[in-house]
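First the structure, in the form of structure tokens, and then the observations on it.
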Number of protein chains: 2
Amino acid sequence: MFPVHLPDIREITNFLTGEDPFFLFSGDCLGFLHSLPDSCVDAVVTDPPYSSGGRTSSERTTRSTTAKYQQSDTKRKYVDFDGDSRDQRGYLAWCALWLAECYRVAKPGAPIVVFTDWRQLPITTDAVQAGSWTWRGIAAWDKTRSCRPQRGRFAAQCEFMVWGSKGAMPADRNVGTLPGVFTHPVKSADKHHLTGKPSRLMSDVVQIAEPGAIILDPFAGSGTTLVAAIEQGYRAIGCEWGSENTDIVRNRALEALALKNGGR
Amino acid sequence: MFPVHLPDIREITNFLTGEDPFFLFSGDCLGFLHSLPDSCVDAVVTDPPYSSGGRTSSERTTRSTTAKYQQSDTKRKYVDFDGDSRDQRGYLAWCALWLAECYRVAKPGAPIVVFTDWRQLPITTDAVQAGSWTWRGIAAWDKTRSCRPQRGRFAAQCEFMVWGSKGAMPADRNVGTLPGVFTHPVKSADKHHLTGKPSRLMSDVVQIAEPGAIILDPFAGSGTTLVAAIEQGYRAIGCEWGSENTDIVRNRALEALALKNGGR
DNA sequence: AGACTAGGTGAATCGAATT
DNA sequence: GAATTCGATTCACCTAGTC
């Protein structure tokens with residue numbers, strides 16, 4: 001039996017009412033979201049497990065994420081992660097659950113950005129709407145040709161961001177015009193997680209939030225969203241399952257913070 | 001009453017068995033597809049009406065395409081087109097119909113590329129699969145910032161290509177590696193239809209077909225697919241509803257052909 | 001140079017059920 | 001009981017740009 005680890009509500013309240021730049025919880029995403037109060041965050045930016053690798057159900061469920069997403073001759077090792085083995089219906093149901101909790105926890109008008117790949121893109125648009133969010137568009141992360149080439153096919157060169165808002169988006173939000181395509185090659189030096197996103201990509205994407213916003217990421221992974229949020233002057237609250245990944249996140253966030261404070 | 005105009009099967013057979021570079025039919029898409037024999041085309045590349053403009057059903061159904069997709073202060077006028085007023089379920093059903101006919105008409109292993117915008121992307125992936133095609137990916141057309149900027153939002157900067165194949169795609173197809181993102185700004189000088197695509201975009205996209213292929217476009221619009229196919233050395237067969245648009249297509253195709261033959 | 005890439009395929013292998 | 005079939009699983013290899 002794993003010890004059930006619930007978030008400390010006083011800690012969370014302290015973060016929400018205080019000035020701390022970030023709060024990180026190590027444990028289950030739904031339990032964590034459940035312990036957050038209503039309408040307490042200004043934006044949601046997250047990169048959940050896609051559950052999309054593998055041709056057969058058994059390939060998805062029995063293989064580790066490393067086996068699914070990494071080439072066999074690659075030497076570098078990343079930490080495996082859980083929650084990547086749902087089938088289509090399960091993925092929709094699960095996404096709808098955490099998206100509905102995010103909706104409750106978000107302030108009216110708050111934007112949401114959810115990463116996905118081409119295989120789960122339609123399901124993700126359904127799930128966002130099932131979670132009561134107003135779906136507003138699809139932005140693209142162009143990895144350039146730093147993806148695996150394929151003879152006779154269009155390369156799987158993009159991942160996508162399904163984005164929307166909690167109800168109406170005021171026209172006078174203090175946010176500029178944002179692009180719809182973000183072009184950033186995959187660099188292994190800037191990759192701290194098997195499915196990690198480039199930090200510059202996340203720095204661009206968090207700009208959807210208004211200055212001073214609290215940004216929520218329920219799937220922190222290696223913490224790139226939190227790091228980008230801190231660097232860009234936002235406050236961030238996140239959650240990650242595995243303790244190994246959580247340590248990585250905490251160290252990266254503290255580093256980003258030290259850099260920011262040192263740079264003043 | 002409109003006169004019902006059915007395609008001449010002998011003309012089609014002549015095209016399919018002969019050497020003519022293109023064949024264009026003016027009339028209803030489903031009737032046209034119905035008169036094509038099984039397994040006669042090598043690829044399908046098409047840009048159907050999206051039926052996505054307008055927030056309400058009445059905006060979609062009662063406004064002309066010019067009113068929906070053109071800014072009020074634009075001086076240039078395009079020909080209005082029909083078939084752009086379906087609701088979500090109707091769009092799915094209608095797409096599934098013509099996609100299933102395309103499937104019948106395509107040779108085994110033939111690739112298909114269907115353009116769509118972000119709103120209809122999930123429905124289009126459903127429709128492609130409903131039409132028996134194997135869905136293989138999403139490629140993106142990046143219009144760059146030549147789209148309308150949006151304050152506080154991600155720009156709707158991409159249109160998408162849902163692509164797939166009729167069953168298995170042999171690994172040894174005589175086609176190189178293709179990108180997954182096509183970056184081409186919208187230039188009004190290169191726009192012959194309200195929703196027309198840049199010719200260079202289409203020249204890139206038709207490369208999914210093997211050399212010498214017959215490419216089918218059941219929604220020729222202003223004929224950019226046909227022109228691109230001819231220019232790139234493929235043969236093309238297409239259909240367009242309005243006679244005004246059909247004339248535009250025929251003239252552009254003949255021009256492209258003359259240019260190609262003159263350039264020899 | 002050499003390693004890397006939220007891939008994809010078909011051949012080889014292994015296991016269980018069937019003939 | 002040996003042979004055969006089918007399915008599931010594993011494995012090796014292709015691709016080209018970027019760092």
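So you know, we letter chains A, B, ... as the sequences are listed, proteins then strands, and number each from 1. Quick caveat: nothing in here was measured; it's all calculated off a predicted structure.
A:Ser51 and A:Arg60 form no side-chain donor-acceptor contact under 3.5 Å, judged by distance and modelled atom types alone. Judged by distance alone, the side chains of A:Ser199 and A:Asp190 do bring a donor and an acceptor atom under 3.5 Å apart. With 3.5 Å as the limit, one finds no donor-acceptor pair spanning the side chains of A:Ser85 and A:Thr61. Counting only N and O atoms by type, the side chains of A:His184 and A:Asp142 include no donor and acceptor under 3.5 Å apart.
Evaluated for a ring-ring contact (aromatic ring centres under 6.0 Å, His included) with A:Phe219, the options A:Trp94, A:Phe32, A:Phe25 yield exactly one hit, A:Trp94.
Geometrically, A:Arg250 does not engage A:Phe22 in a cation-pi contact, judged by NZ or CZ lying under 6.0 Å from the ring centre and within 45° of the ring axis.
Atom CD of A:Glu159 is separated from atom C1' of C:dT5 by 11 Å (rounded to the nearest Å). If you take CZ of B:Arg173 and P of C:dG10, they are 12 Å apart, rounded to a whole angstrom. What separates CZ of A:Arg151 from P of D:dC14 is a distance of 12 Å, to the nearest Å. As a whole-Å value, the separation of A:Glu59 CD from C:dT9 P is 11 Å. Atom OH of A:Tyr69 and atom P of C:dC4 are 20 Å apart (whole Å). Put simply, CD on A:Gln70 is 9 Å from C1' on C:dC4, counting in whole angstrom units. Taking atom CD on A:Gln157 and atom P on D:dA16, their separation rounds to 14 Å, with Å as the unit. At whole-Å resolution of the value, CZ in A:Arg63 and C1' in D:dT10 are 9 Å apart.
Near-neighbour residues of DNA chain D inside residues 181-191 of chain A, defined by a heavy atom below 4.0 Å, number-ordered: A:Pro185, A:Lys187.
OP1 or OP2 of D:dC19 has not a single side-chain nitrogen or oxygen of A:Ser146 nearer than 4.0 Å. Considering only side-chain N and O atoms, A:Lys143 lies under 4.0 angstrom from the phosphate OP1 or OP2 of C:dA6.
Nucleic acid contact class of A:Trp141 (heavy atoms, under 4.0 Å, all strands): none. Counting non-hydrogen atoms under 4.0 angstrom, A:Asp47 reaches a base of the nucleic acid. A:Pro48 comes within 4.0 angstrom of a base, heavy atoms only. Looking at heavy-atom distances under 4.0 Å, A:Tyr78 makes contact with sugar-phosphate atoms alone, never a base.
Considering only side-chain atoms of A:Arg119, the nucleotide from C:dT5, C:dG8, D:dT18 that sits closest is C:dG8. When the nucleotides D:dC14, C:dC4, C:dA6 are ranked by their closest atom to the side chain of A:Lys75, C:dC4 comes out on top. Closest approach to the A:Arg76 side chain among C:dC4, C:dT9, C:dT5 is made by C:dC4 (side chain taken as heavy atoms from C-beta onward). Nearest to the side chain of A:Tyr50, among C:dA6, C:dT5, C:dT9, sits C:dA6. Taking every side-chain heavy atom of A:Arg55 into account, D:dT10 is the closest of D:dT10, C:dT5, C:dA6. Considering only side-chain atoms of A:Pro149, the nucleotide from D:dA16, C:dA6, C:dG8 that sits closest is D:dA16. Taking only side-chain atoms of B:Thr177, from C-beta outward, the nucleotide of D:dT15, C:dA6, C:dG8 with the closest atom is D:dT15.
Taking the side chain as every heavy atom from C-beta outward, B:Val45 and B:Thr225 approach each other to under 4.5 Å.
Stem regions annotated for DNA chain C: C:2-5 with D:16-19, C:7-19 with D:2-14, counting only runs of 3 or more consecutive pairs of Watson-Crick or G-U type with both contacts under 3.5 Å.
Crowding of A:Arg200 atom CZ: a count of heavy atoms from other residues, nucleotides or ligands under 6.0 Å not exceeding 12. Atom CZ of A:Arg89 has 12 or fewer neighbouring heavy atoms from other residues, nucleotides or ligands inside a 6.0 Å radius.
DNA chain C is contacted by both A:Arg153 and A:Thr195; A:Thr195 maps to the nucleotide lying nearer its 5′ end (nearest heavy atom per residue). Taking the nucleotide of DNA chain D with the nearest heavy atom to each of A:Arg145 and A:Asp73, the more 5' of the two is matched to A:Asp73. Two residues, A:Cys147 and B:Ala168, neighbour DNA chain C, and the one matched to the more 5' nucleotide by heavy-atom proximity is A:Cys147.
Of all the heavy atoms in B:Val206 and B:Tyr234, the pair that sits closest is O-OH, 3.4 Å.
Note: A:Phe115 CZ to A:Met161 CE = 4.5 Å, rounded to the nearest 0.5 Å.
Between C:dA6 and D:dC13, the distance separating the two P atoms is 22 Å to the nearest Å.
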